Novice: 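Just passing along the structure, written as structure tokens.
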Protein chains: 2
Amino acid sequence: MSLRHAVLGLLVVQPSTGYELARRFDASLANAWHASHSQIYPELAKLEAAGMVEVVGEGARRSKTWGATDAGRRELRRWMTEAEPVRTQRNETGLRWFLVFLLEPAERQAVLEREWAYISAEARERREFTAQLDASGRGGAFRPVLDLAERMETVMIDWLREQADAAEAERP
Amino acid sequence: MSLRHAVLGLLVVQPSTGYELARRFDASLANAWHASHSQIYPELAKLEAAGMVEVVGEGARRSKTWGATDAGRRELRRWMTEAEPVRTQRNETGLRWFLVFLLEPAERQAVLEREWAYISAEARERREFTAQLDASGRGGAFRPVLDLAERMETVMIDWLREQADAAEAERP
DNA sequence: TAACGCATGTAATACGTTACATGATTCT
DNA sequence: AGAATCATGTAACGTATTACATGCGTTA
């Protein structure tokens, strides 16, 4: 049940409305977790009932800003330090990359080029995001995670380029 | 609906029983997709009804070996070349690594050391698997994917080591 | 004033996990 | 003979997606 801990974690980093959480899932947490608003609002209600989040402000359009309570922080800490990590993943991109070697060279090349373009664009966005964060002085704690993302992207981009070139060379 | 394509893909690589598929999901596909037998058997039944897989052999303990039909291969190819990739991921490990920077240095170090040990062990197993495959001459098409896994593991292991050391240095 | 983006919620359906259930074959 | 592993299936429950529904505030 990681949705709970993802929400709790995002709220510890920064109090947000449910709507903002939905966007933050796709921004900072895009390659770790995803949740849409129809899942977030009920989860916030459950977390409130469990005393782990609370409304810390109300704004325009009857919006509520949520923050984590001490109980919520304790639960998040317990989960990170004591709970057995669940290692099962679901990553359609990884599945495609595994299976792309079943395709003929021409089609394989096309798919690999598309993936290369996608990851390159993602890396570009991430670099902009990092630059913004650094400029605003709020880089802080999450700088290491962005650095990891950069290194992984570099590996993926290089690999996709190599495999696309190899597929091209194989074409009859 | 990627379970369908994961099953189809595994069966194109190698015809298998439902039981074998469950193990192959956790072996070759562990960091891309997971499915347990209670999901696999019904999916095989649906794929058979759709004419995409067929029984290609029966063995001991009333086991059935399934293989992909031409229609199944076509559907897999269509999915890879034409279907819009779904990029949403769910990766609890990634979520933990993102949130670990909320912890105090001592606890953070402990979590990072545990993760380092886990990924190192995973890398060791993958290397053994690769060596076996190479020795049996069946390395072939999937060698590139194993190479990508190796590079990613290297990046993760180095990063975890650096962050664990940094956390240790921060301890009061 | 119309369109767009912010903001919150629920309902129906699909997907995934855990638990239950059974039986065959191999190994000790 | 008993335990372990192979092998297949279903049922109940929990999680996630898609579709439906509504209203506020800003901007063109």
Side-chain angles (χ1 to χ4, degrees), chain A residues 1-8 10-11 15-27 29-30 32-50 53-66 79 83-92 95, chain B residues 1-8 10-11 15-27 29-30 32-50 53-66 79 83-92 95:
Chain A
M1 225 219 321
S2 293
L3 172 62
R4 158 157 304 196
H5 302 103
V7 168
L8 234 28
L10 287 176
L11 292 184
S16 307
T17 67
Y19 188 86
E20 285 166 344
L21 282 175
R23 283 191 288 111
R24 290 178 64 202
F25 266 101
D26 290 344
L29 234 45
W33 208 264
H34 169 79
S36 51
H37 76 275
S38 59
Q39 226 188 333
I40 291 167
Y41 292 118
E43 187 62 39
L44 284 169
K46 280 189 235 163
L47 281 164
E48 187 185 30
V53 302
E54 61 188 353
V55 175
V56 297
E58 308 197 19
R61 301 180 190 90
R62 75 213 143 102
S63 73
K64 284 171 273 181
T65 299
W66 299 87
W79 177 73
E84 187 63 27
V86 174
R87 304 288 181 180
T88 60
Q89 293 190 34
R90 275 197 192 77
N91 173 1
E92 195 180 298
L95 177 60
Chain B
M1 225 216 326
S2 293
L3 172 61
R4 158 158 303 196
H5 302 104
V7 167
L8 233 27
L10 288 175
L11 292 183
S16 308
T17 66
Y19 189 85
E20 286 165 344
L21 282 175
R23 283 191 289 109
R24 291 178 63 203
F25 267 102
D26 289 345
L29 232 47
W33 209 264
H34 169 78
S36 51
H37 76 275
S38 59
Q39 226 187 333
I40 292 168
Y41 292 118
E43 187 62 39
L44 284 169
K46 278 188 238 165
L47 281 164
E48 187 185 32
V53 302
E54 61 189 352
V55 175
V56 296
E58 307 198 20
R61 301 180 190 92
R62 76 214 142 101
S63 72
K64 284 172 274 183
T65 299
W66 299 88
W79 177 73
E84 187 63 27
V86 173
R87 303 289 180 180
T88 61
Q89 294 190 32
R90 276 196 190 76
N91 172 1
E92 195 180 298
L95 178 59

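Just so we're on the same page: letters track the sequence lines, and every chain starts at 1. Every heavy atom of this structure was used, including side-chain atoms; hydrogens, water molecules and symmetry mates were not. Keep in mind it's a predicted model, so treat the numbers as computed, not measured.
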Novice: Just the rounded figure in Å: distance from C1' of C:dC6 to CG of A:Asp26.
Specialist: 16 Å
Novice: For A:Leu3 and D:dA16, what is the distance between atoms CG and C1' respectively, to the nearest whole Å?
Specialist: 9 Å
Novice: If the condition is side chain to side chain contact (heavy atoms under 4.5 Å, CB included), which residues does A:Ala83 pass it with, not counting sequence neighbours?
Specialist: A:Arg78, A:Trp79, B:Arg96
Novice: Does A:Arg87 have any salt bridge (charged side-chain N to carboxylate O under 4.0 Å, His left out) partners at least two apart in sequence or in another chain, and if so, which?
Specialist: B:Glu115
Novice: Can you check the A:Gln89 CD to C:dG16 P distance for me, whole Å?
Specialist: 15 Å
Novice: I'd like to check the side chain to side chain contact (heavy atoms under 4.5 Å, CB included) partners of B:Arg61; sequence neighbours left out, ordered by chain and number.
Specialist: none
Novice: Could you give the distance from CG (B:Leu11) to CD (B:Glu20), rounded to the nearest 0.5 Å?
Specialist: 10.0 Å
Novice: Quick one: is B:Gln39 getting a side-chain N or O under 4.0 Å of the C:dC15 phosphate, OP1 or OP2?
Specialist: no
Novice: Just to confirm, is there a sub-4.0 Å distance from OP1 or OP2 of D:dT17 to any side-chain nitrogen or oxygen of B:Arg90?
Specialist: yes
Novice: Does the side chain of A:Tyr41 get closer than 4.0 angstrom to OP1 or OP2 of C:dT8 through an N or O atom?
Specialist: yes
Novice: For B:Ile40 and C:dT17, give me the distance from atom CD1 to atom P, rounded to whole Å.
Specialist: 10 Å
Novice: Closer than 4.0 Å, any side-chain N/O of B:Arg4 to the OP1 or OP2 of C:dG16?
Specialist: no
Novice: Strictly under 3.5 Å: I want the nitrogen or oxygen pairs between protein and nucleotides 19-24 of chain D, one per line.
Specialist:
{"from": "D:dC24", "atom 1": "O2", "to": "A:Arg61", "atom 2": "NE", "distance (Å)": "3.2"}

Novice: For B:Arg90, which residues count as a side-chain hydrogen bond (donor to acceptor under 3.5 Å, both in side chains) partner, sequence neighbours excluded?
Specialist: none
Novice: Report yes if a side-chain nitrogen or oxygen of B:Lys46 is closer than 4.0 Å to either non-bridging phosphate oxygen (OP1 or OP2) of C:dA14; otherwise report no.
Specialist: no
Novice: Between atom CG in A:Leu44 and atom P in D:dT15, what is the gap in whole Å?
Specialist: 15 Å
Novice: At what angle, to 10 degrees, do the two end axes of the helix from C:dT1-D:dA28 to C:dT28-D:dA1 meet, given five pairs define each axis?
Specialist: 20°
Novice: Using distance only, find each side-chain donor-acceptor pair of residues 34-47 of chain A under 3.5 Å and give its atom names and separation, not counting sequence neighbours.
Specialist:
{"from": "A:His34", "atom 1": "ND1", "to": "A:Asp26", "atom 2": "OD1", "distance (Å)": "2.9"}
{"from": "A:Tyr41", "atom 1": "OH", "to": "A:Tyr19", "atom 2": "N", "distance (Å)": "3.3"}
{"from": "A:Glu43", "atom 1": "OE2", "to": "A:Arg4", "atom 2": "NE", "distance (Å)": "3.4"}

Novice: I'd like to check A:Leu3 versus A:Phe25 (side-chain heavy atoms, cut-off strictly below 4.5 Å). Are they in contact?
Specialist: yes
Novice: Could you give the CD-to-C1' distance, from B:Glu58 to D:dC6, as a whole number of Å?
Specialist: 16 Å
Novice: Going by the rule side-chain hydrogen bond (donor to acceptor under 3.5 Å, both in side chains), which residues pair with B:Ser63 if we only count those two or more places apart in sequence or in a different chain?
Specialist: none
Novice: Given D:dA7, C:dT8, C:dG16, identify the nucleotide with an atom nearest to the side chain of A:Tyr19.
Specialist: C:dT8
Novice: Going by side chain to side chain contact (heavy atoms under 4.5 Å, CB included), name the residues that satisfy it together with B:Val55, two or more places apart in sequence or in a different chain.
Specialist: B:Glu48, B:Glu58, B:Lys64, B:Trp66
Novice: Nearest-nucleotide wise, let me know which of B:Thr88 and B:Ser63 is further upstream toward the 5' end of DNA chain D.
Specialist: B:Ser63
Novice: Just the rounded figure in Å: distance from P of D:dA16 to CD of A:Glu43.
Specialist: 9 Å
Novice: On a heavy-atom basis, which atom in B:Ala6 and which in B:Leu29 lie closest, and how many Å separate them?
Specialist: CB-CD2, 4.4 Å
Novice: Applying a 4.0 Å non-hydrogen cut-off, can you work out what B:Ser36 is touching in the nucleic acid: base, sugar-phosphate, or nothing?
Specialist: base
Novice: Take the protein atom CZ of B:Arg23 and the nucleotide atom P of D:dA7, then report the distance between them rounded to whole Å.
Specialist: 7 Å
